[in-house]
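Each remark here refers to the structure printed beneath this line.
Computation of the quantities below employed the complete heavy-atom set of this structure, encompassing side-chain atoms and omitting hydrogens, waters and symmetry-equivalent molecules. Just so it is clear: chains get the letters A, B, ... in the order the sequence lines come, proteins before strands, and each one is counted from 1.
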Amino acid sequence: GAGVSQSPSNKVTEKGKDVELRCDPISGHTALYWYRQRLGQGLEFLIYFQGNSAPDKSGLPSDRFSAERTGESVSTLTIQRTQQEDSAVYLCASRQGGSNEKLFFGSGTQLSVL
Amino acid sequence: AQSVAQPEDQVNVAEGNPLTVKCTYSVSGNPYLFWYVQYPNRGLQFLLKYITGDNLVKGSYGFEAEFNKSQTSFHLKKPSALVSDSALYFCAVRANQAGTALIFGKGTTLSVSS
């Protein structure tokens, strides 16, 4: 596709369940980011993948959160034992890498934990 | 550690008046600086960036921003605001080093009244 694709667009889950969120970046983009945006708040950095380098996981809020990326394509963000405070929009973004610094964002996954 | 501060949660201006949305940053070394905009019910969009060169950078929709190294600021400006500029604006920074993540501020809501 032409843009960053995220699925599902909405996810409602029960407290304690695990969820998996998916991001398909723009083809050829080497860098991929995950952010969280709670209602009425700013963007909270979660994790950053750049090519084959070790990911920057410094933003993950707890060990319940993890993310994987297959080569330079799909990424999945997994939240285990979800809590109500995990409710937020999870945004994925990608960029081409090198000297191209412009980020392209997906539409996000709205996660609601009941 | 990198950080971005947007000291104003909300900025209110009348249509036709100039607007300024403030941003200060902290980063080791030289910064890459960005502004992104989030319109209601739409995804985040790139506005402009400073990488190197002229301290005054021009971006989309008539916006511009001035990099001030001594004040570690990158304020967003527009000479004449439009009602359609009303949105949530995010400043972002990353260090000029390979493999560093892009960190966003908490955002400033701009409200332009007619």
Side-chain angles (χ1 to χ4, degrees), chain A residues 1-6 9-10 23-26 29-60 67 69 75 88-110, chain B residues 1-10 21 23 25 27-28 30-53 57 59-60 65 67 74 87-111:
Chain A
V4 178
S5 177
Q6 290 187 246
S9 55
N10 282 284
C23 173
D24 283 273
I26 294 172
H29 281 197
T30 61
L32 186 148
Y33 296 78
W34 283 98
Y35 293 91
R36 176 169 71 178
Q37 187 175 24
R38 291 195 169 111
L39 185 64
Q41 298 190 23
L43 287 172
E44 178 185 0
F45 166 71
L46 296 177
I47 188 167
Y48 163 53
F49 296 90
Q50 172 61 64
N52 295 319
S53 302
D56 179 351
K57 303 180 180 181
S58 61
L60 294 178
R69 188 181 186 193
S75 175
V89 175
Y90 289 82
L91 291 165
C92 176
S94 70
R95 67 179 178 88
Q96 194 169 22
S99 61
N100 193 326
E101 292 292 331
K102 183 177 177 180
L103 274 187
F104 292 83
F105 280 84
S107 298
T109 293
Q110 172 72 65
Chain B
Q2 305 169 135
S3 66
V4 178
Q6 293 182 244
E8 304 151 317
D9 290 336
Q10 177 142 352
V21 182
C23 172
Y25 67 90
V27 69
S28 297
N30 294 320
Y32 288 171
L33 294 155
F34 306 83
W35 279 97
Y36 282 80
V37 60
Q38 188 174 39
Y39 295 103
N41 301 314
R42 290 170 62 181
L44 274 152
Q45 299 175 32
F46 171 84
L47 260 186
L48 51 80
K49 66 181 179 184
Y50 170 83
I51 303 297
T52 187
V57 293
S60 308
F67 170 59
F74 190 58
L88 181 57
Y89 291 80
F90 291 96
C91 183
V93 68
R94 79 173 190 91
N96 177 8
Q97 298 168 20
T100 56
L102 185 64
I103 303 301
F104 283 78
K106 63 178 175 61
T108 298
T109 299
L110 174 65
S111 179

May I ask you to decide if the ring planes of B/Phe74 and B/Tyr50 are parallel, tilted or perpendicular, using 30° and 60° as cut-offs? tilted

Any donor-acceptor N/O pair, A/Ser75 side chain to A/Cys23 backbone, under 3.5 Å: no

Aromatic plane relationship, A/Tyr35 with A/Phe105 - under 30° parallel, 30 to 60° tilted, over 60° perpendicular: tilted

Main-chain N/O of B/Tyr89 paired with B/Gln6 side-chain donor or acceptor, under 3.5 Å: yes

Heavy-atom contact with chain B under 4.5 Å, split by part of A/Gln41: backbone

Check this for me, if you would: do B/Lys106 and A/Glu44 make a salt bridge, where the nitrogen-to-carboxylate-oxygen distance has to be below 4.0 angstrom? no

Does the A/Gln6 side chain pair with the main chain of A/Cys92, one donor and one acceptor, at a distance under 3.5 Å? yes

Contacts of type salt bridge (Lys or Arg N to Asp or Glu O under 4.0 Å), residue A/Asp56, not counting sequence neighbours: none

Please look at B/Leu102 and chain A and tell me whether the side chain, the backbone, both or neither of the residue comes under 4.5 angstrom of a heavy atom of that chain. both

Is B/Arg42 close to chain A through its backbone or its side chain, or both, or neither, when contacts mean heavy atoms under 4.5 Å? neither

Considering only heavy atoms, give the residues of residues 30-39 of chain B separated from chain A by less than 4.5 Å, sorted numerically, with 'none' for an empty result. B/Tyr32, B/Phe34, B/Tyr36, B/Gln38

Test your reading of the model: is there a side-chain donor-acceptor pair from B/Thr100 to the backbone of B/Ala95, 3.5 Å cut-off? yes

Top contributor to chain B interface from A/Val89, A/Leu43, A/Ile47, A/Leu91 [non-hydrogen pairs under 4.5 Å]: A/Leu43

